[in-house]
Amino acid sequence: MEHTVKKSKANRVAMRVTALVFLLVGAGSFYAFTAKERGLGRFVLMILCAGCIAYGLYLMVQTLKAQAYDITYVFGDKQMTLKLHHKEKVYSYAEMTKLSYVVPNENMDYGVIQMYFDKEQYVIPFMGNRNVGEALYGMLEMKREEFSSKDQ
């Protein structure tokens, strides 16, 4: 089975522009305040500027991660392959540390599968076809239990 999660290029561009605004405001303010201000106000303003710079860097890093681009999940018999922006990652079902299925609202036809591999988190949304998400979650849960029991 194969499933592709599309990510919007416009969202990435908007996040990068927002990150650049935070970086520019933080760096410009930092320069202006260190030259003019004195005393305790200078220290507080420097902390605020450093916070703007740190948040801008955080946003920029988030837009450069593999999860910000389209991901194609290929579910095989013994392993799953993630086709990312510039590379492919292959995970065994036994490597999955946590698996969950989230239904944000029972009245909506929407579900989300969350998979964790060590520190990596992958989210597969199913908008408009929650039954497919539930079936995939059941298959992943069975594969995970099957292969984790074989490793022990």
Side-chain angles (χ1 to χ4, degrees), residues 1-31 44-152:
M1 181 181 169
E2 188 171 303
H3 183 74
T4 301
V5 177
K6 300 279 187 188
K7 301 293 176 102
S8 173
K9 182 178 180 179
N11 286 349
R12 275 193 310 277
V13 170
M15 290 289 284
R16 288 178 184 164
V17 168
T18 305
L20 286 175
V21 167
F22 271 99
L23 288 170
L24 291 175
V25 167
S29 300
F30 189 79
Y31 176 73
V44 171
L45 292 174
M46 286 175 57
I47 289 175
L48 289 174
C49 293
C52 277
I53 292 170
Y55 187 63
L57 289 173
Y58 170 77
L59 288 178
M60 188 63 72
V61 167
Q62 292 302 314
T63 63
L64 297 174
K65 285 187 173 183
Q67 286 90 343
Y69 295 92
D70 294 349
I71 301 175
T72 300
Y73 298 88
V74 180
F75 301 101
D77 291 333
K78 296 181 181 181
Q79 60 192 14
M80 59 187 284
T81 304
L82 282 62
K83 296 178 182 176
L84 303 169
H85 183 60
H86 290 295
K87 60 183 175 181
E88 288 188 3
K89 285 188 176 181
V90 178
Y91 290 111
S92 167
Y93 293 111
E95 294 178 59
M96 196 179 302
T97 56
K98 185 177 176 186
L99 177 67
S100 61
Y101 187 73
V102 179
V103 179
N105 186 350
E106 286 293 329
N107 299 326
M108 294 176 60
D109 190 21
Y110 185 75
V112 177
I113 294 177
Q114 294 178 324
M115 298 181 296
Y116 293 88
F117 297 94
D118 291 328
K119 294 181 182 180
E120 294 288 325
Q121 175 190 11
Y122 297 98
V123 176
I124 307 174
F126 292 94
M127 187 160 199
N129 47 357
R130 190 163 109 189
N131 296 335
V132 174
E134 289 173 351
L136 179 61
Y137 173 73
M139 188 269 303
L140 287 172
E141 188 67 33
M142 286 183 350
K143 294 274 188 189
R144 181 175 169 230
E145 289 174 5
E146 175 186 341
F147 287 101
S148 65
S149 65
K150 286 182 181 180
D151 288 347
Q152 292 176 355

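What you are looking at is a predicted structure, and each value in this text was computed from that prediction instead of being measured.
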field: Side-chain heavy-atom pair Met15, Met60 within 4.5 angstrom cut-off
entry: no

query: Considering the options Thr18, Leu20, Leu24, which one meets the side-chain contact (heavy atoms from CB on, under 4.5 Å) requirement together with Phe22?
result: Thr18

query: Of all heavy-atom pairs between Cys52 and Gly26, which one has the smallest distance, and what is that distance?
result: CB-CA, 3.8 Å

statement: Here the gap from Tyr93 atom OH to Leu99 atom CG, rounded to the nearest 0.5 Å, amounts to 11.0 Å

Backbone N/O of Ala68 and side chain of Arg12: donor-acceptor pair under 3.5 Å: yes

- prompt: Is any side-chain heavy atom of Thr97 less than 4.5 Å from a side-chain heavy atom of Asp118?
  reply: yes

- prompt: Between Ile113 and Val123, is any pair of side-chain heavy atoms under 4.5 Å apart?
  reply: no

- prompt: Rounded to the nearest 0.5 Å, how far apart are OH of Tyr101 and CG of Leu136?
  reply: 9.0 Å

query: When the ring planes of Tyr122 and Tyr73 are compared, do they come out parallel, tilted or perpendicular, using 30° and 60° as the limits?
result: perpendicular

- prompt: Is the backbone of Ser92 close enough, under 3.5 Å, to the side chain of Lys78 for a donor and an acceptor to pair up by distance?
  reply: no

query: Between the main-chain N or O of Thr63 and the side-chain N or O of Arg16, is there a donor-acceptor pair closer than 3.5 Å?
result: yes

task: Please check if atom CE in Met127 has more than 12 non-hydrogen atoms from other residues, nucleotides or ligands closer than 6.0 Å.
output: no

- request: Mark yes when over 12 heavy atoms from residues, nucleotides or ligands other than Lys9 sit less than 6.0 Å from its NZ; otherwise mark no.
  value: no

